[in-house]
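What follows is a set of notes on a single structure, which appears directly below.
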2 protein chains.
Amino acid sequence: MRIASWNVNSIRARLEHLRTFLGSASPDVLCMQETKVEDEKFPEEALGDAGYRVVYFGQKTYNGVAIAARYGLGIEDVKKNLDGDEDDAPRRLLAATIEGVRIVNVYVPNGQAVGTKPFAYKLAWFERLGLDLATHHKPDEPLLVCGDFNVAPTNLDVHEPKRWEGQVLCHPDERAALGRLLSWGLVDALRERHPDEKVYSWWDYRMGAYRKNHGLRIDLALVTSPLLARTKDVWVDRSVRELERPSDHAPVLIDIGESQA
Amino acid sequence: MRIASWNVNSIRARLEHLRTFLGSASPDVLCMQETKVEDEKFPEEALGDAGYRVVYFGQKTYNGVAIAARYGLGIEDVKKNLDGDEDDAPRRLLAATIEGVRIVNVYVPNGQAVGTKPFAYKLAWFERLGLDLATHHKPDEPLLVCGDFNVAPTNLDVHEPKRWEGQVLCHPDERAALGRLLSWGLVDALRERHPDEKVYSWWDYRMGAYRKNHGLRIDLALVTSPLLARTKDVWVDRSVRELERPSDHAPVLIDIGESQA
DNA sequence: GCCCTGCGGG
DNA sequence: CCCGCAGGGC
């Protein structure tokens, strides 16, 4: 089973690229972030025409998450947002079980700048995500937590660590929060498979960052040990980041083999 | 010599279509309206790459006119706006002499709604245009006045005259104003050559008007008798109106033969 | 830079 | 329906 995660930066602005990606990478499941569309206006038909059933949880202008799965795959036990989130909370989490794999699709708050209220909200959101996982799951279940984490785990995941040191996306407090999440029983699958590779998933639209490969790896696939054992490979597909008017993120993909149970 | 007139509805939003049109119709001269760009930001290079020299007279957001002529053709005696227009007047007229033909490129005010102040301004603009022509030209000169006139000359130029009766673009006062312009010594070249054809040049973006061919002919090529004698044909080229994200107008083209003088 | 939301103009 | 613009987010 191939699962992809992609911050599309507006699903309506990215429909053509979405078709291109589904056609070329052919994932069985696609987790999307920053769909930026309320559910009533979600382009369900376009996904259907491409051969995917989709569940979505979005809002106007900001945030919004969705999971598309190839027709024939069941999408079970859908969960929206974190426990305790009010109805008007930013829509940042969508979880579902597909082919026995629990998939938690997250769009972690960006945090704006270190020391701000949004930054505190981001750190708290990480803690609440940890609580959520501990409440509903165990580290020995096949669980994938993927999405835009808005944190580069280590300096290996940053093109120019000096320039980013202490900045939002690279701050020790964010890395520690991610670390606590991992310590529960998750592994950063790409880094596990490719311990030394410089791989990025996001390049700022500004300053010609993509052209210069000034990127960060902030889109992650975290897996429990039973899923890690089934993981064949993890990689970033830059092809859609090369197109005209792309999302600022490239998709992360993970190939998972059959369960031996 | 082939001269085209096209309301592009933002030249920057239409650059790709513009290249397509110049490549397929291959006009020697292209008069554009609603360029919607200040002169400092005019995409002169794109036109140059396509093989055209260009003069322009535009402003931010609204209006704006330009004339492109194939390299090798001279662009002489450029005139901007009507006599008496202040510097801050809407930029709606650009005239130039090319290959001995005086070309007056106009974007007549829309008029918004009958009875409004903009409507009165539109009627006054027509009168001032007439004065301008009478001041600077004679009906026995080779003169072309082309552009978006925002008037459908007769009900033959309207897909559903009943629905448009008395409305702006079809109101008797506008038609009379256009009539006075013609009475000075101009002929509606397309109608002269095709007396009974239903031909439209503009279709509202809304209500699927193009799909239903609910159009109006408001883009005109008016010629003096010496030019009429040289006119081989006049037509509307719908090809660029069929593309994705088109202008709401289609170009009008006129083919003019060599002077016998 | 590129996305969103309104708004005003057509 | 499709432009432009301004303002905010990332």
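Quick caveat, the model's predicted, so the values are computed rather than measured. Residue numbers begin at 1 in each chain, while the letters A, B, ... track the order of the sequences.
- A salt bridge is defined here as a Lys NZ or Arg NE, NH1 or NH2 lying under 4.0 Å from an Asp or Glu carboxylate O, and B/R19 with B/D49 fails to meet this definition.
- A salt bridge links B/R128 and B/D85; the closest N-O separation between the charged side-chain nitrogens and carboxylate oxygens is under 4.0 Å.
- Rounded to an integer number of Å, the gap from B/R245 CZ to D/dC3 C1' is 9 Å.
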Would you check, one step at a time, whether the test side-chain contact (heavy atoms from CB on, under 4.5 Å) holds for A/R217 with A/R191? CA-CA 10 Å; A/R217 190 172 66 92; A/R191 189 50 72 214; 3.6 Å; yes
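- Residue B/M32 contributes atom CE, which lies 17 Å from atom P of D/dC3 at whole-angstrom precision.
- Going from atom CZ of A/F119 over to atom P of D/dC10 covers 14 Å, rounded to whole Å.
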Under-3.5 Å N/O pairs linking protein and nucleotides 4-9 of chain D:
residue	atom	partner	partner atom	Å
D/dG4	OP1	B/S10	OG	2.6

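- By the 4.5 Å heavy-atom criterion applied to side chains, A/W202 and A/D248 are counted as neighbours.
- Taking every nucleotide of DNA chain C with any atom under 4.0 Å from a non-hydrogen atom of chain B, the first and last of them, 5' to 3', are C/dG9 to C/dG10.
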As a quick check of understanding, evaluate side-chain contact (heavy atoms from CB on, under 4.5 Å) for B/L30 and B/L47, giving each step before the final call. CA-CA 11 Å; B/L30 172 61; B/L47 273 292; 5.7 Å; no
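- For the residue pair A/E34 / A/N7, a side-chain donor-acceptor distance below 3.5 Å is found, with atom types taken as modelled.
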Donor-acceptor pairs under 3.5 angstrom involving side-chain atoms of residues 119-126 of chain A: please list them, not counting sequence neighbours.
residue	atom	partner	partner atom	Å
A/K122	NZ	A/N110	O	2.9
A/K122	NZ	A/N150	O	2.6
A/K122	NZ	A/E174	OE1	2.4

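- With rounding to whole Å, B/E16 atom CD is found 14 Å from D/dC3 atom P.
- In this model, no donor atom of one side chain and acceptor atom of the other lie less than 3.5 Å apart for B/R91 and B/N63.
- For the pair B/R206 CZ and D/dC2 P, the computed distance is 11 Å after rounding to whole Å.
- The distance from atom CZ of B/R14 to atom P of D/dC2 is 9 Å, rounded to the nearest whole Å.
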